[in-house]
Number of protein chains: 2
Amino acid sequence: MPSEFNLSAFLPYRLAVLSEQVSRRLAAEYGRSHDLSVAEWRVLAHLLGSGAVSVRDIRGRVNLEKPRVSRAVSRLERFGLVNKAPGDVDGRLVAISLTDRGRAVLDEIIPEVLGVQRTLEEAVGPEELATFFRVMERWHAVLDREQAEMPHQAATLGDRRQGPDRP
Amino acid sequence: MPSEFNLSAFLPYRLAVLSEQVSRRLAAEYGRSHDLSVAEWRVLAHLLGSGAVSVRDIRGRVNLEKPRVSRAVSRLERFGLVNKAPGDVDGRLVAISLTDRGRAVLDEIIPEVLGVQRTLEEAVGPEELATFFRVMERWHAVLDREQAEMPHQAATLGDRRQGPDRP
DNA sequence: TCAATATTGTTGCATTTGCAACGACCTTTT
DNA sequence: AAAAGGTCGTTGCAAATGCAACAATATTGA
């Protein structure tokens, strides 16, 4: 009888709580100052490193569902932070790119969020930090592998995987 | 010009992605087998360790907003997993407790979720794991302190803190 | 070449969420 | 003891979310 269980010490719970806490702290930066959602912030941040990209490109690298990216981009466009042009080679694709205004906003936000990151990084030793990242990557890999291995018990109902769309 | 920024290496982003991934994996256990949401699972899990508690008690220890707990409890009651009785000493409070059925469901779920935890724990060394937990706690403390220190720039609009309800 | 199939991005829709307002109840003050 | 103020849990409502369906466009194969 495993009536022994402590939620507070349960790894997934701890992880979720910390992640929510960090997200809140972060959203307090870009949300308050520029009225951006998490999705919008991620899209902007990704665009900084890449040139013009499609919704599909963004989706994969930013870990957001398709409709969420699409809506984030639309809103960012309304605010003049990104540009949406029909792709000239493939008519379905949309070429999304940062505007100058978007770049300016990022230049304001990035130092702030880097400040949050620095606060966290400085609160622990460098080796601890390195270990933390290493563990995160390890788990990421483990979960990816697990997920890839177990679409045999699929079709059970309530299957959360994405439809016929995954690359 | 800090046009240097890599989202993939950004700690809060990494944390959020990992947390979502773990949550998905976990929800695949209790969600698929017993049709429970995260909130419902957390409430159940907490009840296992405590006796009869109020919504307010749960809220604090389980990191969920008041309405979310309330709704989770209602649904759990509909399914016969918890019991809701009016508190006899204070008429506002509600005494929430596990039913036998709820305990039985937990006895099914807990081994499964502990299995997930074990998978993760075994993927890294014991000292790495200890470090990971230590870092999480450290950051948790840092963010708590920060948040407590900065209700001076409140009233900016879009303030995410909870209304006149926090203890 | 034209039909059949696949992919891209958007929209609809049902559900979930966060926040505020509310009613019910308790406590403190006068 | 009544009024004023505070706390608890629920409900309403607007916004966000996840998923499927869709139109538009590409690609493939006969």
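Each chain gets a letter, A, B and so on, in the order its sequence line appears, and its residues count up from 1.
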Evaluate side-chain contact (heavy atoms from CB on, under 4.5 Å) for B:Leu26 paired with A:Phe10, printing each intermediate quantity in order. CA-CA 12 Å; B:Leu26 211 64; A:Phe10 187 52; 3.6 Å; yes

Using the rule given for side-chain contact (heavy atoms from CB on, under 4.5 Å), can you reason through A:Arg14 versus B:Glu137, listing the C-alpha separation, both sets of side-chain angles and the distance that settles it, and then say yes or no? CA-CA 9 Å; A:Arg14 290 310 223 76; B:Glu137 270 172 51; 3.8 Å; yes

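In terms of phosphate contacts, A:Ser70 brings no side-chain nitrogen or oxygen within less than 4.0 Å of OP1 or OP2 of C:dG9. B:Ser37 has no side-chain polar atom (N or O) that falls below the 4.0 Å cut-off from OP1 or OP2 of C:dT16. Taking side-chain N and O atoms only, B:Lys84 has no distance below 4.0 Å to OP1 or OP2 of D:dC8.
The nearest whole Å value for the distance from the CD1 atom in A:Ile58 to the P atom in C:dG9 is 9 Å. Rounded to whole Å, atom C1' of D:dG9 lies 15 Å from atom CG of B:Leu64. Straight-line distance from the CZ atom of B:Arg56 to the C1' atom of D:dT10: 15 Å, rounded to whole Å. If you take CG of A:Leu93 and P of C:dA6, they are 19 Å apart, rounded to a whole angstrom. Remark: P of D:dT10 and CZ of B:Arg59 are 13 Å apart, rounded to the nearest angstrom. Atom CZ of B:Arg75 is separated from atom C1' of D:dT10 by 18 Å (rounded to the nearest Å). The nearest whole Å value for the distance from the CZ atom in A:Arg68 to the P atom in C:dC13 is 22 Å. For B:Glu65 and D:dT10, the CD to P distance is 15 Å, given to the nearest whole Å.
When distances run from any side-chain atom of B:Val94 to the nucleotides D:dT17, D:dG9, C:dG18, the shortest one goes to D:dG9.
If you take CG on B:Leu114 and CG on A:Leu11, they are separated by 11.0 Å, rounding to the nearest 0.5 Å.
Between B:Leu76 and B:Leu47, every side-chain heavy-atom pair lies at or beyond the 4.5 Å cut-off. You'll find the side chain of A:Ser33 reaches within 4.5 Å of the side chain of A:Glu112, heavy atoms only.
Using modelled atom types and a 3.5 Å distance limit, the side chains of B:Asp144 and A:Gln21 yield a donor-acceptor pair. Judged by distance alone, the side chains of A:Ser74 and A:Arg71 never bring a donor and an acceptor atom under 3.5 Å apart.
Ranked by how close their nearest DNA chain D nucleotide is to the 5' end, B:Arg71 and B:Val55 are led by B:Val55.
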Can you give one letter per nucleotide of nucleotides 22-29 of chain C, going 5' to 3': B for a protein heavy atom under 4.0 Å from the base, S for sugar-phosphate only, - for none? --BBS---

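Among the heavy atoms of the strands lying under 4.0 Å from B:Ser54 are primed sugar atoms or P, OP1, OP2 only; no base atom is included.
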